[in-house]
Amino acid sequence: MIKKFKLLSTLILVILSITLFGCSSTPNNNNNNDSKKPVQNTTKVSEQKLPEESFKAPFKAANQGVPVLMYHSISFEKNNPLKVPPEQLEEEFKYLKDNGYTTISLDDLYNYFEDNAQIPEKSIVLTFDDGYEDNYTALFPLLKKYGLRATVFVITGYVDKMPAYLTSSQLKEMNSYGVDIESHTVNHDHLKTLTKDKQLATLTESKAFLEKLLNKKINYIAYPYGEYDNNTLECAKQAGYKMALSTDGRWSMKKNGIFSLDRVYISSQFNMDIFKDRISNPNYKFQ
Ligand SMILES: [Zn+2]
């Protein structure tokens, strides 16, 4: 009986928090005043969708670099450079919005590199590694508030299994809004240390897992720790990926290889001047 009561109260709490979260995460929706109908509110949130964007001139010249930013967790932990506090992320998002940056998708980046498709001169790609749950609770509301595009690279073996990582229902909701969900292997594997067969297995299995869950094609992967060798490059192609990203480096350039693109590391220990330098200057100073 007590157990039943506990279960019921937990359920009520969960429903309540989903409803509350739903309200606070739709600041741009002016018609969202029907607080008497909480059930409809949650439905509205999941029906929200990032609008399609048609790119405007000035366009970027062909074969240039594009800053692909790499974040991880959006939370606060003293002296942890990989955890960027939501307040810092919001300041950075606001800067992008106020200064004419366009967040393009990995599809846009791929089409620019491979088919000379046009992208805005001030294009930027936002990526978040590992699939932390705070990407749903802290990042997702900010993406909605500022109308920005982003990719989350998910460790598929952690989904619904590890606390503090995204669940399948959170992934589905983010995906249906327009957040791009892509692969970060099954177990955050050190790819270089694996045999070729095992590399192929983790690249293939993580791709298949997300394709089944999200009912879409998974085309991109971020190598954990940025580690890869020649086998990785071959296996990524063989597994059916179109493009792959490494870690800390400079802007993504086609000449570095479509399966070993650099990304720009963003740390909680960088101030706004460092952030601005990294997104505006391809030869930015390493810290
Ligand atoms: Zn990672």
If the condition is ring-ring contact (aromatic ring centres under 6.0 Å, His included), which residues does F270 pass it with, not counting sequence neighbours? Y265

Backbone N/O of P85 and side chain of Q88: donor-acceptor pair under 3.5 Å: no

K144 side chain near F140 side chain, heavy-atom distance below 4.5 Å: yes

Rounded to the nearest 0.5 Å, how far does NZ of K172 lie from CG of L166? 14.0 Å

If hydrophobic clusters are built from ILVMFWY residues whose side chains come within less than 4.5 Å, do I266 and I274 share one? no

Could I get the full list of ring-ring contact (aromatic ring centres under 6.0 Å, His included) partners for Y225, not counting sequence neighbours? H188, H190

Evaluate side chain to side chain donor-acceptor pair (under 3.5 Å) for E90 paired with Y146, printing each intermediate quantity in order. CA-CA 9 Å; E90 177 150 19; Y146 291 93; 2.6 Å; yes

Is any side-chain heavy atom of H184 less than 4.5 Å from a side-chain heavy atom of P224? yes

Looking only at heavy atoms, what is the nearest atom pair of S252 and V68, with distance? OG-CG2, 3.2 Å

Thinking salt bridges, do E114 and K242 make one under a 4.0 Å N-O criterion? no

Please say yes or no: joined through hydrophobic side-chain contacts below 4.5 Å, possibly via intermediate residues, are V66 and M253 part of one cluster? no

Side-chain heavy atoms of Y136 within contact of T167, under 4.5 Å: no

4.5 Å side-chain heavy-atom contact, R250 and F286: yes

Please step through side chain to side chain donor-acceptor pair (under 3.5 Å) for the pair S105 and D108, ending with a clear verdict. CA-CA 5 Å; S105 66; D108 297 326; 3.0 Å; yes

Looking only at heavy atoms, which two atoms of Q64 and A61 are closest? And how far apart? CG-O, 3.3 Å

Output the distance between atom NZ (K83) and atom CG (D134), rounded to the nearest 0.5 Å. 7.5 Å

For the atom pair CG (D189) and CD1 (I155), what is the distance rounded to the nearest 0.5 Å? 9.5 Å

Test side chain to side chain contact (heavy atoms under 4.5 Å, CB included) applied to D262 and W251, step by step: CA-CA 6 Å; D262 269 7; W251 289 14; over 6 Å; no

Pairs meeting criterion side-chain hydrogen bond (donor to acceptor under 3.5 Å, both in side chains) with involvement of residues 115-124, two or more places apart: none

Y284 and D277: which non-hydrogen atoms are nearest, and at how many Å? CB-OD2, 3.5 Å

Any side-chain to backbone donor/acceptor pair from T102 onto I104? Under 3.5 Å, distance only. no

Between V264 and I124, is there shared hydrophobic-cluster membership here, with clusters defined by ILVMFWY side-chain heavy atoms closer than 4.5 Å? yes

Check the hydrophobic clustering (I, L, V, M, F, W, Y; side-chain heavy atoms under 4.5 Å; chains of links allowed) and say if I74 and L126 are grouped together. yes

Using the ring of each side chain (for Trp, its six-membered ring), is Y223 parallel, tilted or perpendicular to Y228, with breaks at 30° and 60°? tilted

Rounded to the nearest 0.5 Å, the NE2 atom of H72 sits from the OG1 atom of T247 at a distance of 8.0 Å

Between the main-chain N or O of D273 and the side-chain N or O of N271, is there a donor-acceptor pair closer than 3.5 Å? yes

Can you name the nearest heavy-atom pair linking L106 to E182, along with the distance? CD1-CG, 4.4 Å

Just so I know, are the side chains of E205 and T156 near enough to count as touching, which here means a heavy-atom distance under 4.5 Å? no

Does a side-chain heavy-atom distance below 4.5 Å link Q199 with K192? no

Could you tell me which non-hydrogen atom of I258 sits nearest to which non-hydrogen atom of F113, and how far apart they are? CD1-CB, 3.8 Å

Take Y101 and N99 through the side chain to side chain donor-acceptor pair (under 3.5 Å) test and state the conclusion after the steps. CA-CA 6 Å; Y101 282 91; N99 289 276; over 6 Å; no

Dump the intermediate steps for side chain to side chain contact (heavy atoms under 4.5 Å, CB included) on F93 and L148, then the final yes or no. CA-CA 8 Å; F93 279 7; L148 302 177; 3.4 Å; yes

Should the heavy atoms of other residues, nucleotides or ligands under 6.0 Å from CG of N215 be counted, would the total exceed 12? no

How about T202 and N187: do any of their side-chain heavy atoms sit closer than 4.5 Å? no

Does a sphere of radius 6.0 Å around NZ in K94 hold more than 12 heavy atoms from other residues, nucleotides or ligands, not counting ones at 6.0 Å or beyond? no

R278 and P67: which non-hydrogen atoms are nearest, and at how many Å? O-CB, 4.4 Å

Tell me whether L96 is reachable from Y71 by hopping between hydrophobic residues (I, L, V, M, F, W, Y) whose side-chain heavy atoms are closer than 4.5 Å. yes

Test S183 against every option in F209, F153, Y220, Y241 by the side chain to side chain contact (heavy atoms under 4.5 Å, CB included) rule and name the one that passes. Y241

Indicate yes or no for a side-chain donor-acceptor contact from K216 to the backbone of I181 under 3.5 Å, with no hydrogens or angles considered. yes

Rounded to the nearest 0.5 Å, how far apart are CG of L191 and CG of L203? 5.5 Å

Is a side-chain donor or acceptor of K254 paired with a backbone partner of N63 at a separation under 3.5 angstrom? no

Please round to the nearest 0.5 Å and tell me the distance separating atom CZ of R263 and atom OG1 of T127. 4.0 Å

